[in-house]
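Source: prediction; values computed, not measured. Both counts, for ligands and for their atoms, begin at 1 and track the order of listing.
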Amino acid sequence: MQHYLDRFETLLGLTPVKPITLDVQGRQRTIQLKLEGHNITGSIKARTAYGLVRGLVDEGKVRPGVELIESTSGNLGLALASMARYLGVGFTAVLDPMSTVECRSRLEDLGAGIVMVDEADEAGGYLLSRLAKVREILASDDKYVWVNQYGSQQNPEIHRRMTGPEILDQMPTPPDALFAAVSTGGTFAGVSRYFKENGLSTRMVAVDVTGSVAYGGRPGRRYLSGIGASRPSSFLEDWLIDHYMYVGTAEAAYYCRRVLKDAGIHLGASSGAVVAACVRYLEENPDISDVLCICADGGEKYESTVYNDAWLERIGADTAAEDDRRGPDAATKAPVAG
Ligand SMILES: Cc1ncc(COP(=O)(O)O)c(C=O)c1O
């Protein structure tokens with residue numbers, strides 16, 4: 001099993017950092033994008049899956065015949081399904097209606113079992129319902145092993161050991177500010193810990209969506225997958241966070257489209273949120289110059305959501321208001337992905 005884990009590790013990381021230029025209050029500002037969609041399985045969650053499963057293997061919990069199980073809104077599921085194939089074990093994903101159609105069919109292609117929950121929890125999301133379903137399945141058969149991305153320290157730890165150092169290696173100097181989306185909080189917590197433990201003064205900015213309670217916040221309806229949570233993160237310690245920002249669905253969608261139109265880079269929804277937060281931060285802090293956004297995945301899984309005008313209209317997300325805020329040149333209807 002170690003051999004297969006080692007092979008999987010060689011497929012991770014060294015994702016590109018690409019500069020884009022966006023107009024921020026009439027000034028052309030450069031934003032570095034770390035494009036995590038270039039990982040195997042198409043997202044930063046390939047690193048998370050590797051860290052989590054390696055931890056379970058080291059504890060002796062993964063043997064032939066076991067079935068990994070996890071509550072996932074999509075990307076971690078894809079990564080775990082791929083890893084499970086490498087290791088020759090089974091995998092069941094517990095999903096909810098916010099996971100995209102594209103994601104579900106890819107999971108099926110990878111041979112994962114899928115269990116759907118469709119009742120929202122009291123916080124307005126599905127996380128608590130998904131976790132309840134995982135517990136029910138674990139109690140029904142001891143072949144199941146829970147990966148537990150929300151509780152396992154291996155989640156932030158892999159980003160402290162792998163993602164943080166990789167970012168620093170790729171930059172000529174540490175950025176003035178770094179932006180990352182929060183769901184479990186593992187990516188942000190691990191990268192921030194690495195920067196802070198190394199005495200760097202980079203301002204670490206966590207990006208969440210309105211309606212998420214990952215770090216305080218008022219619960220509410222959320223529409224984007226991959227970002228936000230309906231329960232507090234166990235990894236987001238105060239000392240790791242210099243600034244915490246909330247982004248709405250329309251703003252995230254606007255920046256997905258804006259970056260595609262202006263720079264030809266196709267970002268996923270949480271990355272649109274991260275870029276939106278970064279632009280707002282640059283508006284409020286015009287003195288800072290080098291900024292880096294961790295972009296967790298690419299846009300291919302979001303054609304039916306943030307790149308779809310009818311979807312935005314249906315959920316009442318007004319990207320036209322974003323156009324107005326940024327002037328007539330900014331108008332963005334859904335561009336055709338290249
Ligand atoms: C697209 C996307 N962005 C951001 C995140 C947030 O990552 P984390 O759970 O490490 O906070 C996830 C997690 O699933 C994701 O799928």
Show the atoms of ligand 1 that are less than 4.0 angstrom away from any heavy atom in T187. 7 (O), 8 (P), 10 (O)
Run down the list G226, A296, S183 and name the one with the heavy atom closest to atom 5 (C) of ligand 1. G226
Answer yes if the side chains of R130 and Y126 hold a donor-acceptor pair under 3.5 Å, and no otherwise. no
Among side-chain atoms of R203 and Y281, is any donor-acceptor pair under 3.5 angstrom? yes
Under the ring-ring contact (aromatic ring centres under 6.0 Å, His included) definition, can you give me all pairs with a residue in residues 207-233, not counting sequence neighbours? Y215-Y244
Contact check: N155 vs ligand 1, nitrogen or oxygen atoms, below 3.5 angstrom: no
With the threshold set at 4.0 Å, does a side-chain nitrogen-carboxylate oxygen contact exist between K45 and E70? no
Once you restrict to heavy atoms under 4.0 Å, what part of H159 touches ligand 1? Side chain, backbone, both or neither. neither
Classify the contact between N75 and ligand 1 as side chain, backbone, both or neither, using a heavy-atom distance cut-off of under 4.0 Å. side chain
Within ligand 1, which atoms have a heavy atom of V182 less than 4.0 Å away? 11 (O)
Non-hydrogen atom of S43 closer than 4.0 Å to ligand 1: no
Going by atom types alone, do D297 and S270 pair a side-chain donor with an acceptor below 3.5 Å? no
Can you sort out the partners of Q28 under side chain to side chain contact (heavy atoms under 4.5 Å, CB included), two or more places apart, ordered by chain and number? T21, D23
Do V182 and V279 sit in the same hydrophobic cluster, where Ile, Leu, Val, Met, Phe, Trp and Tyr count as joined when their side-chain heavy atoms come under 4.5 Å apart? no
One residue to check: Y302. Relative to ligand 1, which of side chain, backbone, both or neither has a non-hydrogen atom less than 4.0 Å away? side chain
Does D297 approach ligand 1 within less than 4.0 angstrom via side chain, backbone, both or neither, non-hydrogen atoms only? side chain
List every atom of ligand 1 that sits less than 4.0 Å from any heavy atom of G185, numbering the atoms from 1 in the order shown and giving each element. 8 (P), 9 (O), 11 (O)
